[in-house]
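Single-structure report; data block below.
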Amino acid sequence: MTATRKIIHIDMDAFFAAVEQRDFPEYRNKPIIVGGMPDSRGVVATCSYEARRYGIHSAMSSARAYRLCPQAIFVKPRFQAYQEVSLIIRKIFAEYTELIEPLSMDEAYLDVTGATDYQGSASLIAKAIKADIKKKTQLIASAGVSYNKFLAKIASDLDKPDGFYLITPEQGANFVERLPVCKFHGIGKVTASKMQALGIHTGSDLKKLSMETLQEYFGASGLHYYTICRGVDNRPVNSHRAIKSIGVETTFQQDITIRQDILQQLQGLLENALKKASAKQLNARTLTVKIKYHDFVQITRSRTLPCNLVGATNTLDILENLLINTDIGERAVRLLGITLSTFENQAVSYRFQQMDLFQDGNNSGVSFDLDFLKDN
Amino acid sequence: MKFIINKDTLLTPLQQIVSVIEKRQTMPILSNVLMVVEENQLILTGTDLEIQLLARIGIDNVVPGSVTVPARKFLDLCRLLPNGAEIKIEQQDDKIKILSSRSRFLLSCLPAENYPEFSESGFDNSFSINAGQFKKALDKTIFCMANQDVRYYLNGLLLNISNSKIKLVASDGHRLSIYEDQLEVPTGVEARIIIPRKGVLELSRLLDDAEVELKVEFSGNNIRITIKNLIFSAKLVDSKYPDFGKVFQQEFFSPLHIPKSLLKDALTRVAVLSNEKFRGVTLDFIPDSLRISTHNPEHDEAEEEIAIDFTGEPLSISFNAQYLLDAVSNIDADLAVLTIASNISSCFVDEPDNLLYKFIVMPMKL
């Protein structure tokens with residue numbers, strides 16, 4: 001990377017909650033919690049800044065949020081509405097650059113190195129995008145501007161809500177040195193506490209360690225830590241990010257234990273996931289089942305099939321096979337999830353169609369046995 | 001348990017048995033080899049519960065007993081001892097002591113009582129076949145077996161015995177091979193059984209001595225093949241093999257004769273520039289010539305031309321290069337004969353005047 005890049009990270013403030021407050025004036029200036037109902041087992045998806053004052057944050061159980069703030073208004077998410085906003089903001093981004101890497105409905109990286117608006121000033125472009133978003137959606141976004149994705153993301157978070165923050169190449173290295181490791185994007189709770197135990201608290205602590213040491217402690221991520229703590233992150237803004245997985249999951253109102261019920265739930269989830277994959281013209285070969293037991297212990301079981309899952313006839317057998325060596329049927333389950341991965345484009349696999357001897361006649365649409373799926 | 005054995009006597013059967021044992025096991029004892037010492041013989045057994053291999057080795061001056069020994073460690077130690085070394089093996093409580101010259105090893109064992117029994121029902125059918133003949137039949141077919149196909153009955157080899165006729169069939173749906181031969185002695189048996197893939201591959205490795213007469217016994221669920229001092233057992237695939245008869249009941253173009261080595265070399269070179277994943281190559285038959293070509297997403301292109309005797313209407317068909325190469329490479333004659341169905345739905349590959357084997361390669365739509 002020779003020329004200095006200009007990267008913007010845009011992140012909508014309290015996105016779901018803000019859309020609710022926009023569409024329902026009676027919610028404004030009130031603690032709004034979008035997500036599960038307090039009497040359910042759901043979690044907080046997003047909450048308004050008013051609710052955050054009570055210590056509520058996303059991913060917290062709705063029941064806990066209710067205890068912290070009984071007067072909060074709980075609303076169910078309206079994904080359709082959020083999707084509409086998401087499309088509008090992506091259109092706005094596209095007016096400034098083609099290099100857009102959406103991270104979720106309300107968050108994206110933009111590479112504006114080659115942009116011509118505002119004499120190419122990334123700061124002015126970021127401010128213009130914020131203004132456009134406000135004008136077209138009546139919603140507030142925060143922007144972070146820097147010379148790589150890592151710093152842009154951190155910058156967007158520094159001045160929230162309605163934030164704007166610039167980290168220049170001159171400031172970058174210094175900035176990261178002072179940054180606590182728990183603020184690093186990509187360093188979660190577990191890694192952060194592991195680092196604490198090793199006496200690594202800030203970027204400058206990280207910087208003292210050699211690449212070898214970091215790799216020894218943190219494996220493949222070690223190399224990434226080595227570069228980012230020096231303010232270096234060469235990952236490009238990837239506008240053609242391939243979909244790596246498609247997942248659906250559900251938390252039950254009440255724990256379920258009966259094997260048959262669990263299989264039925266999994267089949268429903270798998271059907272939904274396959275529909276999503278088909279809508280994107282993808283064939284999936286890997287199926288992962290996620291199980292969270294009543295005590296929050298979580299396990300996953302995964303298999304990669306030699307053939308595509310889309311169109312497979314007896315998915316039930318595949319699922320049953322994945323439940324071997326689990327406590328299904330004995331231990332109560334609170335959450336089930338299905339994830340599809342190892343994708344192949346349906347159009348490409350159709351173009352090179354290998355003909356099959358048994359494709360028509362009695363053995364087509366084969367109802368297959370999955371002995372080979374068993375462990376060993 | 002106590003006995004002395006020469007490394008050279010022990011190593012080959014031990015290697016054959018360890019090959020059956022899966023590296024990763026759910027039951028620890030399955031990583032072990034069962035060692036039973038009787039009056040005048042040592043019996044070694046390995047299994048993965050789907051197949052089992054048992055070897056009898058004659059020894060004398062023994063103290064009888066039985067134990068299970070970690071297979072890979074035991075094999076590695078024996079393998080690394082000098083050739084011709086005398087190995088003294090002696091059980092000591094839950095360990096075995098292995099002594100040879102100045103080497104001394106102590107290996108932790110598991111009790112023989114816990115070794116799983118390979119359940120075999122009564123064998124109601126049996127016949128014998130020469131190992132060389134059977135090995136050739138396997139060589140011509142097993143490369144077409146499916147691997148981890150959801151159509152699990154394809155992950156194996158069809159053995160069809162009809163009195164004095166033996167037929168082996170393997171297919172992964174994309175290609176199929178058939179081997180048909182006469183048995184020297186009529187069997188009076190009519191049966192179609194599917195031997196699982198892993199069993200077939202292991203079995204094929206045990207048939208290096210062409211002179212041996214094999215005794216094959218089977219029931220609806222199991223097969224057992226006795227190869228001199230070895231007994232190979234496998235559970236059969238519990239299914240019917242799919243019907244492939246329809247592929248023969250088609251109209252065909254006249255057979256095309258192509259020099260085998262020219263075809264093989266041209267295919268190998270063209271395949272280099274084929275799509276890495278799908279490996280598609282196109283064969284164009286035009287008067288007096290066969291043109292083989294391909295291109296890939298990187299826009300590389302390849303074309304080869306072979307002079308052949310062809311006079312009909314031009315004809316074009318595409319294949320996965322690897323499938324066609326596998327078939328052509330298994331031809332013994334100098335000429336490969338390609339017989340293409342008139343609706344371009346399949347292609348037979350065999351050789352002139354050959355009645356024993358035949359390959360079918362399914363084309364690709366490009």
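Just so we're clear, the structure is a prediction, and the values are computed from it rather than from any experiment. Below, chain A is the first sequence line, B the second, and so on; all start at residue 1.
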Enclosure of [X] [atom1] (heavy-atom neighbours >12, cutoff 6.0 Å):
X	atom1	value
A:L223	CG	yes
A:E95	CD	yes
B:K73	NZ	no
A:Y217	OH	no
A:Q267	CD	yes
B:D238	CG	no

Do A:D356 and B:H174 have side-chain heavy atoms sitting under 4.5 Å apart? yes
Residue selection (most heavy-atom pairs with chain A, distance under 4.5 Å) from B:S346, B:S318, B:S345, B:G173: B:G173
Between B:V237, B:L154, B:L30, who has the most heavy-atom pairs with chain A when the cutoff is under 4.5 Å?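 Most pairs with chain A among the choices: B:L154.
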Approximate separation, where rounding is to 0.5 Å, of [X] [atom1] and [Y] [atom2]:
X	Y	atom1	atom2	answer
B:F319	A:Q354	CZ	CD	9.5 Å
A:F358	B:D172	CZ	CG	8.5 Å
B:M364	A:M355	CE	CE	11.5 Å

Part of B:L49 lying under 4.5 Å from any heavy atom of chain A: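 Neither part.
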